[in-house]
*Asks:* 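Dropping a structure here in structure tokens format, bear with me for questions.
Residue numbers start from 1 in every chain, and the chains themselves are labelled A, B, ... in the order their sequence lines are given, proteins ahead of strands. As a basis for the values below, the full set of heavy atoms in this structure was taken, side chains included, without hydrogen atoms, waters or symmetry mates. Because the structure is predicted, anything quoted here is derived from the model rather than measured.
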There are 2 protein chains.
Amino acid sequence: MKLTSLADYAVVMMAAAARHGPGARLNATMLADETGVPLPTAQKLVGRLASAGLLASARGAGGGFQLLKAASEITLADIIEAVEGPIAMTACAETARHDCALERNCQVKPHMSAVSGAVRGALASVSLATLSQGEPA
Amino acid sequence: MKLTSLADYAVVMMAAAARHGPGARLNATMLADETGVPLPTAQKLVGRLASAGLLASARGAGGGFQLLKAASEITLADIIEAVEGPIAMTACAETARHDCALERNCQVKPHMSAVSGAVRGALASVSLATLSQGEPA
DNA sequence: GGCAATCGGAACGAATCAGTCCGATTAGCT
DNA sequence: AGCTAATCGGACTGATTCGTTCCGATTGCC
């Protein structure tokens with residue numbers, strides 16, 4: 001019940017990116033330096049964040065990334081889903097996934113989708129704008 | 001951001017146990033049969049649940065387990081923590097864990113403990129009594 | 001047209017997870 | 001009281017996923 005190191009790194013990197021302002025040009029090297037995330041790992045992460053639609057990527061010399069949405073419009077849930085995949089407590093909570101051997105008599109399954117939604121809601125209530133600021137209220 | 005198979009199994013087994021009523025004597029074999037969880041795995045799980053204080057164990061012939069608390073007093077968070085360990089989004093959210101290389105300049109850390117609390121709250125709001133019943137409202 | 005810089009995907013090693021097996025403990029029967 | 005049978009408890013093995021690293025593909029600049 002904790003997120004992976006990659007997701008953790010991604011959150012830190014996105015927060016660093018948000019502090020550069022909305023339209024700033026960024027690259028993986030810059031973010032790695034600022035956050036302390038190893039460069040190859042940072043490259044992998046920005047790639048995932050870009051393919052999830054959170055960052056716009058430009059290749060070649062002078063390329064890089066920039067945020068596609070305002071920091072207040074990006075939530076913690078968005079970042080985690082971009083790196084880890086859908087937020088679902090159990091496999092059976094995802095639609096079109098029915099490979100659970102217990103599914104036949106499972107009395108718990110009807111509740112799991114609601115639970116997943118609640119957890120996702122808790123994560124979606126935290127915006128990147130909040131995370132990029134220093135101390136909480 | 002999803003729980004492990006073991007935690008999933010543990011929830012299903014605890015729900016099955018709750019349906020047997022408060023003081024019923026149970027054993028790993030019985031729960032494995034009812035839920036479909038493989039017996040050796042079920043044994044491992046009831047052991048962890050017992051050492052976490054959710055079940056009382058009795059060894060020897062005629063031994064077994066029983067719930068230590070009412071189903072309404074046991075939450076999903078309790079079960080998950082018994083199997084997976086503390087619910088904390090990041091390592092730095094746990095007190096006395098300071099082995100994060102990013103901690104030096106981490107602007108996100110101050111928020112993580114609040115986020116972990118919110119997720120835990122979402123899981124703690126679901127009681128075993130609810131899970132042991134069939135359909136949600 | 002060549003060069004340098006940056007993204008993108010593929011491959012490797014490590015850690016954790018899921019599952020299995022065997023020993024320790026205790027009640028019940030003879 | 002001793003033995004047997006049944007059950008919990010911890011140790012071991014294989015598999016999957018995670019985390020990291022490296023190399024190739026693409027594009028702007030000189």
Side-chain angles (χ1 to χ4, degrees), chain A residues 1-13 17 24-33 35-66 68 80 82-86 88 90-91 99-102, chain B residues 1-13 17 24-33 35-66 68 80 82-86 88 90-91 99-102:
Chain A
M1 207 53 227
K2 64 180 176 181
L3 39 82
T4 62
S5 298
L6 288 183
D8 191 2
Y9 289 169
V11 172
V12 175
M13 290 176 62
R25 291 294 193 288
L26 310 159
N27 58 40
T29 305
M30 184 188 311
L31 290 176
D33 284 344
T35 59
V37 175
L39 176 58
T41 300
Q43 290 180 341
K44 185 188 191 70
L45 286 173
V46 290
R48 287 198 197 179
L49 292 167
S51 53
L54 297 179
L55 295 175
S57 66
R59 304 180 67 154
F65 299 92
Q66 65 176 348
L68 269 178
I80 293 174
V83 176
E84 293 193 351
T90 58
D99 50 354
C100 173
L102 285 59
Chain B
M1 207 52 225
K2 65 180 179 183
L3 39 82
T4 62
S5 298
L6 288 184
D8 190 3
Y9 290 168
V11 173
V12 174
M13 290 176 62
R25 292 293 193 288
L26 310 159
N27 59 39
T29 305
M30 183 187 312
L31 290 176
D33 284 344
T35 58
V37 174
L39 177 57
T41 300
Q43 290 179 342
K44 186 187 192 69
L45 285 173
V46 289
R48 287 197 198 180
L49 292 167
S51 53
L54 296 179
L55 296 175
S57 66
R59 304 180 65 154
F65 299 92
Q66 64 176 350
L68 270 178
I80 293 174
V83 176
E84 293 193 352
T90 58
D99 50 354
C100 174
L102 285 59

*Asks:* Main chain of T4(A), side chain of E84(A): is a donor-acceptor contact present, judged purely on distance under 3.5 Å?
*Replies:* yes
*Asks:* How many angstroms lie between atom CD of Q43(A) and atom CG of N27(A), to the nearest 0.5 angstrom?
*Replies:* 9.5 Å
*Asks:* Backbone N or O of A82(A) within a donor-acceptor pair of the R48(A) side chain at under 3.5 Å?
*Replies:* no
*Asks:* Within less than 4.0 Å of OP1 or OP2 of dT7(D), is there a side-chain N or O belonging to S57(B)?
*Replies:* no
*Asks:* Take atom CG of L55(A) and atom P of dC7(C), then tell me their distance rounded to the nearest Å.
*Replies:* 10 Å
*Asks:* Below 3.5 Å is the cut-off: list the nitrogen or oxygen pairs between protein and nucleotides 20-22 of chain D, distance only.
*Replies:*
{"residue": "dT20(D)", "atom": "O4", "partner": "K44(A)", "partner atom": "NZ", "Å": "3.2"}

*Asks:* Go through dA6(D), dC18(D), dC7(C) for me and flag the one nearest to the A61(B) side chain.
*Replies:* dA6(D)
*Asks:* Could a donor-acceptor pair under 3.5 angstrom be found where the side chain of R59(B) meets the base of dA6(D)?
*Replies:* no
*Asks:* Send over the distance from L3(A) CG to dG19(D) P, rounded to a whole Å.
*Replies:* 10 Å
*Asks:* Quickly work out the L31(A) CG to dT6(C) P distance and round it to whole Å.
*Replies:* 12 Å
*Asks:* Return the value, rounded to whole Å, for the distance between atom CG of L45(B) and atom C1' of dG9(D).
*Replies:* 14 Å
*Asks:* On DNA chain D, compare the nucleotides closest to E84(A) and G60(B); which residue's is nearer the 5' end?
*Replies:* G60(B)
*Asks:* Atom CE in M13(A), atom OG1 in T35(A): separation rounded to 0.5 Å?
*Replies:* 5.5 Å
*Asks:* Roughly how many Å is it from CG in N27(A) to C1' in dA4(C), rounded to a whole number?
*Replies:* 14 Å
*Asks:* Check whether any side-chain heavy atom of M30(A) lies under 4.5 Å from a side-chain heavy atom of D33(A), and answer yes or no.
*Replies:* no
*Asks:* Atom CG of L49(B) and atom P of dG10(D): how far apart are they, to the nearest Å?
*Replies:* 13 Å
*Asks:* For Q66(B) and dT7(D), give me the distance from atom CD to atom P, rounded to whole Å.
*Replies:* 16 Å
*Asks:* Between T90(A) and L3(B), is there a side-chain heavy-atom distance shorter than 4.5 Å?
*Replies:* yes
*Asks:* Rounded to the Å, how far apart are D33(A) CG and dT6(C) C1'?
*Replies:* 15 Å
*Asks:* Any side-chain N or O of T4(B) below 4.0 angstrom from OP1/OP2 of dA18(C)?
*Replies:* yes
*Asks:* Could you tell me which non-hydrogen atom of L68(A) sits nearest to which non-hydrogen atom of G53(A), and how far apart they are?
*Replies:* CD1-O, 3.4 Å
